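Residue numbers begin at 1 in each chain, while the letters A, B, ... track the order of the sequences. For clarity, every value in this text was computed on a predicted model and none was experimentally measured. The basis for the numbers below is simple: all heavy atoms, side chains too, and nothing from hydrogens, waters or symmetry mates.
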Amino acid sequence: MNLTLQMWRQRNLSDEGGMVQYEISDVSPEMSFLEMLDILNESLIARGQEPVAFDDDCREGICGMCSLVINGIPHGPDSGTTVCQLHMRRFQDGDTIYIEPWRSRAFPVLRDLIVDRNAFDRIIQAGGYISVNTGGTPDANAIPVAKSEADLSMDAASCIGCGACVAACPNASAMLFVGAKVSQFRHLPQGHTERARRATRMVEQMDAEGFGNCTNHYECMAVCPKEIDVRVIAELNQEFLRTELTGSE
Amino acid sequence: MASAASATRSRAPSGPVKFLRSSIGAKSVMALTGLILTAFVFGHMVGNLQIFLGPEPINRYGHFLQSLGELLWLIRFVLLATLIVHIASAARLIVLNRRARPIAYVLDDSVQVTFAARTMPWTGMILLAFVVYHLAHFTLGTVQPELFSHHDELGRHDIYAMVVLGFQDWFVTAWYVVANALLALHLSHGVSSLFQSLGVTTPSLRWPLVDLAGPAVGTAVLIGNLAIPLASWLGLLELPYGAM
């Protein structure tokens with residue numbers, strides 16, 4: 001099939017950037033979206049033009065690197081998948097596809113479709129960790145964890161940190177990401193040592209990075225490739241309010 | 001660079017100002033003030049529905065409220081302060097949220113954002129204008145001054161006459177219909193949202209209880225509030241003084 005691509009091109013951080021139109025022909029419906037972009041880039045290189053820069057790594061939906069807003073939806077039209085798991089059979093011959101980078105003040109565009117997501121790392125450094133003493137390997141299952149709590153923790157821990165929640169949020173809020181990172185520790189005994197300060201510190205860093213505020217649209221949950229529930233945001237609110245109101249730090 | 005910054009980061013003293021400036025603190029303020037204002041809207045509606053019991057109960061109710069004296073002013077002051085905090089906090093959050101995405105998408109789409117949620121700032125601003133109008137109409141009496149001076153046989157302010165005659169004007173009634181529709185829209189997102197902002201929702205509570213709480217409260221307030229102007233305008237409430 002033949003497609004028209006409207007893609008964001010931007011030389012570097014300080015370049016203004018803009019949309020550029022490309023025509024691509026003989027796209028197979030079996031191709032993944034990123035393979036289609038590979039074909040485009042090969043043709044651009046063959047014509048002596050600069051290929052389009054985009055992030056990708058594992059191409060099996062687990063690394064969180066690919067980050068494209070396709071026709072206005074982060075990770076494209078399929079729910080519960082990353083861009084690399086999206087296939088061209090979802091599109092039709094003659095379609096025009098808009099491809100843009102994540103848009104957030106906290107995620108500056110480095111080049112074309114690649115954004116700087118270090119803000120997420122700084123939030124993790126602020127409080128998204130547990131302290132563990134080194135030493136001999138502890139016995140497995142020495143600390144009992146209820147199945148229901150383990151499930152809640154593991155569901156939150158499935159966050160791959162791709163940033164689609166921020167890209168989708170009308171306010172560019174990072175609450176789903178931060179909520180997931182707080183929730184994964186909240187339900188496990190190992191997470192309790194830093195519990196009182198974790199939410200406060202991560203939220204402080206989140207605000208300092210320039211992310212917006214949650215207004216409960218739940219658009220983040222709708223686009224999350226790991227389908228993380230917004231209950232993690234309620235848990236984050238709870239953790240933050242508990243610490244702030246009891247002054248336990 | 002980042003790790004060095006976070007390692008040497010000194011903790012700013014925590015205090016109410018810092019709490020209110022944080023995104024979650026500000027959201028909890030929106031939720032709590034919204035809860036107080038919703039409770040007022042509900043109580044206001046229930047009190048006013050006494051008009052369907054006839055002139056005597058509603059005039060007595062009005063006289064009772066006026067006789068509260070300092071307590072009435074205390075309630076008014078609390079409500080005004082709540083409203084100001086709600087609006088000021090909203091204004092600040094709106095500015096921050098706009099700033100968080102300086103470059104808009106060329107093609108923007110959404111999967112599940114609702115109209116009510118997206119239009120909260122706009123419905124809020126129109127509602128503020130309506131509150132001012134409503135106070136001028138029935139509290140200060142500057143909109144229809146000729147209806148504000150009636151008194152019943154006991155010498156009390158004749159609220160029944162003021163309301164029923166006031167809504168004979170189709171323009172006044174239409175404005176109340178529009179404003180209450182926007183209020184219902186505002187409540188349908190706001191009421192469901194406040195539970196999430198205060199962190200009391202879980203997936204099993206969220207659907208159907210919390211998600212339906214907003215639309216349910218909004219619909220109830222819409223029906224209750226609009227019953228009065230519409231019944232007056234349609235002639236379902238007996239005209240006082242056999243007038244007009």
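Of the two parts of B:Ala104, only the backbone, made up of N, CA, C and O, holds a non-hydrogen atom closer than 4.5 Å to a non-hydrogen atom of chain A. Using a 4.5 Å cut-off between heavy atoms, A:Val223 touches chain B through its side chain atoms alone. Only the side chain of A:Tyr98 comes within contact range of chain B, judged by heavy atoms closer than 4.5 Å. Of the atoms belonging to A:Glu100, it is side-chain heavy atoms, and not backbone ones, that fall under 4.5 Å from chain B. With a 4.5 angstrom heavy-atom cutoff, A:Ala167 touches chain B via backbone and side-chain atoms both.
Counting heavy atoms of neighbouring residues, nucleotides and ligands inside a 6.0 Å radius, atom CD of A:Gln21 exceeds 12 of them. More than 12 heavy-atom neighbours from other residues, nucleotides or ligands sit within 6.0 angstrom of CZ on B:Arg76. In this structure, B:Arg92 places its CZ atom where more than 12 heavy-atom neighbours from other residues, nucleotides or ligands lie under 6.0 Å away.
The stretch residues 3-17 of chain A places none of its residues near chain B, where near means some heavy atom under 4.5 Å from a heavy atom of that chain. Contacts from residues 108-118 of chain B to chain A, taken as heavy-atom pairs separated by less than 4.5 Å, involve B:Asp108, B:Asp109, B:Ser110, B:Val111, B:Gln112, B:Val113, B:Ala117, B:Arg118 in sequence order. Using a 4.5 Å cut-off between non-hydrogen atoms, no part of residues 217-227 of chain B approaches chain A. Of residues 69-81 of chain A, those residues lying under 4.5 Å from chain B by any heavy-atom pair are A:Val69, A:Asn71, A:Gly72, A:Ile73.
Judged by distance alone, with hydrogens and angles left aside, the side-chain atoms of A:Arg231 form no donor-acceptor pair with the main-chain N or O of B:Thr202 at under 3.5 Å.
Side-chain atoms of A:Asn213 and B:Asn97 form a donor-acceptor pair, as typed in the model, at a separation below 3.5 Å. At a cut-off of 3.5 Å, with distance as the only test, no side-chain donor of B:Ser28 or A:Asn237 sits close to an acceptor on the other residue. Side chain to side chain, A:His187 and A:Ser153 fail the donor-acceptor criterion of an N or O pair below 3.5 Å.
Below 30°, between 30° and 60°, or above 60°: for B:Tyr133 and B:His137 the angle between ring planes is between 30° and 60°, a tilted geometry.
Chain A forms the most heavy-atom pairs under 4.5 Å with one residue out of B:Met120, B:Arg98, B:Lys27, and that residue is B:Lys27.
Aromatic ring centres of A:Tyr129 and A:Phe185 lie farther apart than the 6.0 Å criterion allows.
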